Structures are given as structure tokens and as C-alpha cells.
Amino acid sequence: MFHRMIIAALGATLFMAAPASAHDEEALRNAPPAAPYAKVSDLVALPDFLPGLGMLYVDPATLPAGPFLGYDRDGKLAATIYMTPIEALESGTSFDDLGVGSHNVSAVDIYYNAGHPGVDKPHAHVVLLHGEDARARLAE
Amino acid sequence: MITRRQFGRVAGGALAALASRRPVGAAAPRDIEMRGTARGERVWFAPLAIAVAPGAMLRFVNHDKGNSHTATTYHPAIFDRPRRIPSGAAPWDSDFLLPGASFEVTLSVPGVYDYYCIPHEHAGMVGRIVVGRPGDPGWEGPAGDAGDLPEAALKAFPRVAEILAKGRIMPEDLA
């Protein structure tokens with residue numbers, strides 16, 4: 001119950017923050033999103049589809065935090081992901097007013113990641129899932 | 001030193017062809033797997049450390065479906081890192097291996113070879129290969145200087161005596 005309240009509060013916060021930093025939801029609904037977004041696997045050595053995150057696109061100017069847009073295998077937006085280096089957070093860096101791929105946020109996952117090409121220091125993944133079926137669509 | 005790189009399933013046929021051209025009686029490569037959890041919380045080489053005879057072939061294979069990895073020796077010629085391989089050995093870098101891809105290297109100079117994964121060194125994804133034994137001609141033991149290595153990497157290297165005693169050390173052996 002508490003978790004649901006947090007998710008609802010976070011969703012509401014994101015929605016309220018939208019006018020300052022929102023994306024054009026319609027333009028991002030299907031892959032590929034227009035420039036300045038670029039396919040992550042074209043920028044660094046990563047598979048086209050990452051289980052759990054999908055096909056990732058990012059505006060390189062927003063690295064490392066993103067937002068990264070995660071699309072399912074049908075090219076439908078399923079998640080917005082942020083990657084925040086632990087070291088940066090510990091040193092007081094904040095990541096504010098980040099864009100959102102969709103205002104429909106059904107759940108949020110936050111977990112540790114040891115690193116990967118593009119964000120090669122330990123960091124947190126903050127994953128906003130867009131739709132009840134988003135997790136399943138990104139699974140494999 | 002001989003190196004060779006393969007690109008995932010597409011190169012499977014080529015790999016088989018190359019393998020078939022190995023000299024008769026040549027030993028099969030010893031695999032070192034690159035692995036990680038589904039969400040990337042942990043990443044590792046398995047085995048973490050291995051002891052082999054001079055002339056052994058090692059094959060690094062990426063079994064991590066959600067990440068790419070490298071096997072890169074510590075050497076000034078590669079990203080200006082401190083040398084942690086025998087002075088008579090040539091450094092190597094697999095470059096990024098996508099899931100299913102592999103890289104082979106043959107090691108002939110006796111001594112201790114330390115290597116790391118470029119995007120995961122700070123997470124402690126390093127490995128150690130011991131070629132031959134102390135006393136072999138040209139043997140060079142482990143580097144004594146920490147250099148610029150992150151603490152997570154330094155504390156991950158098993159001791160040479162333990163590697164020689166066990167033959168190989170898996171990450172879970174240290175848990």
C-alpha cells in the first residue's frame with residue numbers, strides 16, 4: 001500500500017513537472033524517436049535489445065542521466081530510464097527536471113547497476129514503466 | 001602471442017572452421033566466461049583466476065545477455081595503465097564483446113597476467129591468469145604496485161599461491 005502511494009505521488013510529481021520538461025508524448029510513442037535521440041547500440045557497444053530495458057534511445061547531450069527511452073520489440077514505448085552514477089550522487093550532484101517519455105507511469109523500479117558501455121561506473125537505474133504490460137513487453 | 005576474435009552466433013561457422021585448422025593434438029582452449037546478473041547488479045569473470053601451462057590458449061566468451069564486456073590487460077600500451085603482465089609478454093585487448101562473442105589468446109611467457117573489463121573495472125570485474133610456475137625461465141610474479149587501480153579491482157585478485165594450489169578459482173569460492 002505504501003509503495004503504491006509512493007508510486008502515485010511520484011507519478012503526480014512527474015505530471016506536475018511536465019510543463020517545464022515534458023517531451024512530446026505523441027512523437028515519442030513509437031521508435032525511432034526523432035533527433036536528437038540516437039539509438040544507444042549505435043553509440044556504444046551494447047546489444048540492440050537489453051532484457052528489462054528494451055531498445056534504448058537517448059539524446060547524447062543528456063548523458064549520463066538520460067532520459068533513456070526503452071521500446072519493446074514492436075517499437076512501442078514501454079519505459080523511461082534514468083542512470084545516475086553513485087559517485088556523482090555521493091558528491092552532491094543532483095539530476096533535476098529530467099524529461100519523461102510518457103506521463104502514464106504504472107510502476108517505478110530502482111536498482112543498482114555495476115556499469116556498462118556508456119555509463120561505465122556503478123550507478124542506479126530508475127525505470128518508469130509505461131503501462132501494466134510494460135514489464136512483460138521488455139522482458140525478452 | 002596469438003589472438004583471435006569471434007562475433008557471436010554469426011561467426012559460429014567460422015569458429016568451427018578455424019578450430020578445425022588447429023594442429024592435431026593441440027589442446028582445446030580453456031574458457032573464461034563473462035557473466036552478469038539479469039539487471040547488471042553484479043558482473044564477473046568465471047573463473048576469476050586460472051593456472052595454465054605456457055602455450056595454453058584461453059578463450060573469453062560473453063555469456064551475459066544484457067551487457068558487453070572486454071578482457072583487457074593492464075599495460076602502458078593500452079590506455080596507459082600500469083603493467084601487470086610479464087615484461088616479455090605482449091599486451092592484449094579483446095575490445096567490446098557483445099553477447100555470444102568470443103576472443104582467444106595464447107600465452108607463452110611464464111608469469112602472472114592481470115586483466116580487467118573496461119566498463120566494469122570499478123565494479124571489481126578483473127581476472128588473473130598464472131602461466132607456468134615460479135622458477136620457470138622468464139617467470140615474473142604479480143605486480144607489487146597498486147598504481148591507479150580502483151580498490152574494488154585490487155582486492156579482487158586472488159593470491160598466486162592459492163591459484164597454483166587449486167588450479168582455478170571461481171567467484172563463488174570467495175563468497
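Each chain gets a letter, A, B and so on, in the order its sequence line appears, and its residues count up from 1. Since we're looking at a predicted model, the values are computed, not measured.
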Query raised in the report: Is it true that A:Phe49 and A:Leu28 fall in one hydrophobic cluster, defined by side-chain heavy atoms closer than 4.5 Å?
Result: yes
Write out all chain A-chain B donor-acceptor pairs shorter than 3.5 Å, or none if the list is empty.
residue, atom, partner, partner atom, Å
A:Ala45, O, B:Ser68, OG, 2.3
A:Asp109, OD2, B:Arg39, NH2, 2.9
A:Asn113, ND2, B:Arg39, O, 3.0
A:Ala114, N, B:Gly40, O, 2.7
A:Gly115, O, B:Asn67, ND2, 3.2
A:Gly115, O, B:His120, NE2, 2.4

Query raised in the report: When clusters are formed by joining ILVMFWY residues with side-chain heavy atoms under 4.5 Å apart, either directly or through shared neighbours, do B:Phe157 and B:Ile118 land in the same one?
Result: yes
**Report entry** Cluster link A:Leu77 to A:Leu56, ILVMFWY, side chain under 4.5 Å
**Finding:** no
Query raised in the report: Heavy-atom distance under 4.5 Å to chain B: side chain of A:Pro47, backbone, both or neither?
Result: both
Query raised in the report: Would B:Phe103 and B:Met34 show up in the same hydrophobic cluster when neighbours are defined by side-chain heavy atoms closer than 4.5 Å?
Result: yes
Query raised in the report: If you look at every heavy atom in A:Pro51 and B:Gly66, which pair is closest and at what distance?
Result: CD-CA, 4.1 Å
Report summary line: Heavy atoms of A:Pro117 and B:Pro119 approach each other most closely as N-CB, 3.8 Å
Requested in this report: Applying side-chain hydrogen bond (donor to acceptor under 3.5 Å, both in side chains), name anything that partners A:Asn104, two or more places apart in sequence or on another chain.
Outcome: none
Query raised in the report: Hey, any chance A:Ile110 and A:Leu138 share a hydrophobic cluster, counting ILVMFWY side chains that come within less than 4.5 Å of each other, even indirectly?
Result: no
